[in-house]
2 protein chains.
Amino acid sequence: MWVILARCRPVVNRRVGWVGGTIAGVPPRAYRRLENEERRRQLVERATELFGEYGYEELSMSRIAREAGISKPLLYHYFPGKRALFAAALQSAAEELGAATTPDPSRPPAEQVAASLLAFLDWIDRHRAAYGKLLRSLAVAEVRELIDDVRDRTVQQILDGLNPQGGGDGPAARAAVQGWLWSIDGACLAWIEGDLDLTPQQMQGMLLGGLGGALTGAGASLPAPA
Amino acid sequence: MWVILARCRPVVNRRVGWVGGTIAGVPPRAYRRLENEERRRQLVERATELFGEYGYEELSMSRIAREAGISKPLLYHYFPGKRALFAAALQSAAEELGAATTPDPSRPPAEQVAASLLAFLDWIDRHRAAYGKLLRSLAVAEVRELIDDVRDRTVQQILDGLNPQGGGDGPAARAAVQGWLWSIDGACLAWIEGDLDLTPQQMQGMLLGGLGGALTGAGASLPAPA
DNA sequence: TGGGCTTGCTGACCGACGGTCGACAGCGAT
DNA sequence: ATCGCTGTCGACCGTCGGTCAGCAAGCCCA
């Protein structure tokens, strides 16, 4: 009885007492003990599916725990917070994407960009729903830094490719490339959500045109046409 | 006593009783009664400042109410929800921006785009912090639809301007224009947060280049150079 | 077979959020 | 003076992300 009262009034402002697992005849849930690494893998896998289906905001930690058949504190035992869990799920999904889009460093930079872009668009074409959900979670503060990091690295990579050959690395080129990366997301969103009848190749052509035009407008240029 | 118990256990699942305003000798706060419209104006004004300073997520309704010197229920009396309050604040801010960027319909479409874009960039240059906060709130679900609406209308406007003269209105052109709108935000973010040393005119040149390139890549084109 | 020991795992809890309920009180009309 | 309108309030709800401290599965050693 005092338990209920203690729960009611947080007067003391800190934990007052502890009752123990089983009250009122409700038996604790049966559970399977798993190896640390195995549980972790299972959680990342399940979270990846769920985040891909519901996005970041629409999915609560309680729900993830329930869907994975475990308790919420266990989820927090494996991941320090929702952001970290999302990061793990994102990284797991990004590995496949990353492997597919890593350019061949022996090709000219413009070709590398074109090839990466096409691989990226192909991947999106096969994972439309999940990509849309991800994009829509983009500015959620907890998620933003993750994506910002990836974008910053990509911007630098493209600028590095441009620089030696004769492209520019002024502030305008940097703004152009970052803007271009955003334009990819915006165009892909129109493509996916607007159900536009476009092949990845058509998207690639349009986007490469945009990059070339922006760089030209910024006083730089792509070293060679793709 | 039973009231406290009722608070503890939401068994009945609905309000059970009411105690009355002043308990335990805490006097209700003194307040000033304002005209409906005046209060509303005050709240929108204060909310606009606060959202511009803290963004959408980092600002709670409780905080807004506190900063405005009123209670939370009163805030909800004037606005049905946080999203609506944000919309009101956004609209109030957007009126100034909208007035500044409305193009002269008697000019050729390409000039209209160029002029609107430059006005937009000038405005951003003067409201850097608030624009950054807004952009960073962009995908917050509650806010998204608002911005999506504006973007959709802008896309259609640009496509309409393109169409009669000889530009295209295929799916590729639509994706190109929507992507271009995103690229504006991305480039502006790099401009603002990266403290890039660029004038609005340089940004304009770069962005118009991107639009032209993307449209060319999509098989359309800007009717006339700006 | 039965004790310990490790550590994977649990229910109950916290503060803050967005949002709602029904009573109170400022103030012009009478 | 008092009455009604309605602007305003404190207390409350359900859910969120996150935390606390004890329970117990399953291996080890007798």
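A, B, ... follow the sequence lines: proteins, then strands. Residue 1 opens every chain. These figures come from a predicted structure and were not determined experimentally. In what follows, every heavy atom counts, from backbone to side chain, and hydrogens, waters and symmetry copies are set aside.
Other residues, nucleotides and ligands contribute over 12 non-hydrogen atoms within 6.0 Å of the CG atom of A:Asp149.
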Given side-chain contact (heavy atoms from CB on, under 4.5 Å), test A:Leu85 with A:Met61 step by step and report yes or no. CA-CA 9 Å; A:Leu85 175 56; A:Met61 288 297 264; 3.9 Å; yes
Worked check of side-chain contact (heavy atoms from CB on, under 4.5 Å) between A:Trp180 and A:Leu117: CA-CA 12 Å; A:Trp180 182 67; A:Leu117 178 58; 3.8 Å; yes
Where do A:Trp182 and B:Ile184 land on the side-chain contact (heavy atoms from CB on, under 4.5 Å) test, with the steps shown first? CA-CA 8 Å; A:Trp182 278 60; B:Ile184 297 177; over 6 Å; no
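Atom CD1 in A:Ile64 sits about 10 Å away from atom P in D:dG18, given to the nearest Å. Between the C1' atom of D:dG7 and the CG atom of B:Leu43 lies a distance of 12 Å, rounded to the nearest Å. Straight-line distance from the CG atom of A:Leu74 to the P atom of D:dA21: 18 Å, rounded to whole Å. In this structure, A:Arg40 places its CZ atom 13 Å from P of C:dC9, rounding to the nearest Å. The distance between atom OH of B:Tyr76 and atom P of D:dT6, rounded to the nearest whole Å, is 24 Å. Distance, A:Glu58 CD to C:dG18 P: 16 Å, rounded to whole Å. Nucleotide C:dG18 holds its C1' atom 13 Å from the CD atom of A:Glu57, rounded to whole Å. D:dG22 atom C1' lies 15 Å from atom NE2 of A:His77, rounded to whole Å.
Nucleic acid contact for B:Ser60: sugar-phosphate only, since backbone atoms but no base atoms lie under 4.0 Å from a heavy atom of the residue. A:Leu59 comes within contact range of the sugar-phosphate backbone alone, with a heavy-atom separation under 4.0 Å but no base atom that close.
Between A:Arg66 and A:Pro80, the residue whose closest nucleotide on DNA chain D is further toward the 5' end is A:Arg66. Of the two residues near DNA chain D, A:Met61 and B:Glu35, the one whose nearest nucleotide lies more 5' is B:Glu35.
Contact check, A:Arg63 against D:dC16: no side-chain N or O comes under 4.0 Å of OP1 or OP2. Within the structure, a side-chain polar atom (N or O) of A:Asn36 is placed less than 4.0 Å from OP1 or OP2 of C:dG8.
Of the candidates C:dG19, D:dT8, C:dC9, D:dT8 carries the atom nearest the B:Tyr78 side chain, counting heavy atoms from C-beta on. Proximity note for B:Ser62 (side chain, C-beta onward) versus C:dC17, C:dG8, C:dT20: the nearest is C:dC17. Among the nucleotides D:dG18, C:dG11, C:dG8, the one closest to any side-chain atom of A:Lys72 is D:dG18. Distances from the side chain of A:Ser71 to the nucleotides C:dC21, C:dG11, D:dT8 place C:dG11 closest.
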Write down the protein N/O and nucleotide N/O pairs, taken from nucleotides 26-30 of chain C, whose separation is under 3.5 Å; answer none if there are no such pairs.
residue : atom : partner : partner atom : Å
C:dG26  : N2   : B:Arg33 : NH1          : 3.1
C:dG26  : N2   : B:Arg33 : NH2          : 2.9
C:dG26  : N3   : B:Arg33 : NH1          : 2.8

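Atom CD of B:Gln91 is separated from atom CG of B:Leu97 by 12.5 Å, given to the nearest 0.5 angstrom.
Here the side chains of A:Arg39 and A:Leu74 are in contact, with some heavy-atom distance below 4.5 Å.
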Under 3.5 Å donor-acceptor pairs involving side-chain atoms of residues 46-53 of chain A, not counting sequence neighbours:
residue : atom : partner : partner atom : Å
A:Arg46 : NH1  : A:Glu49 : OE1          : 2.7
A:Arg46 : NH2  : A:Glu67 : OE1          : 3.1
A:Thr48 : OG1  : A:Val44 : O            : 2.6

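No N or O donor and acceptor, one from the side chain of B:Lys82 and one from the base of C:dG19, sit under 3.5 Å apart.
Panel note: side chain A:Trp191, backbone B:Ala175; no donor-acceptor pair is recorded below 3.5 Å.
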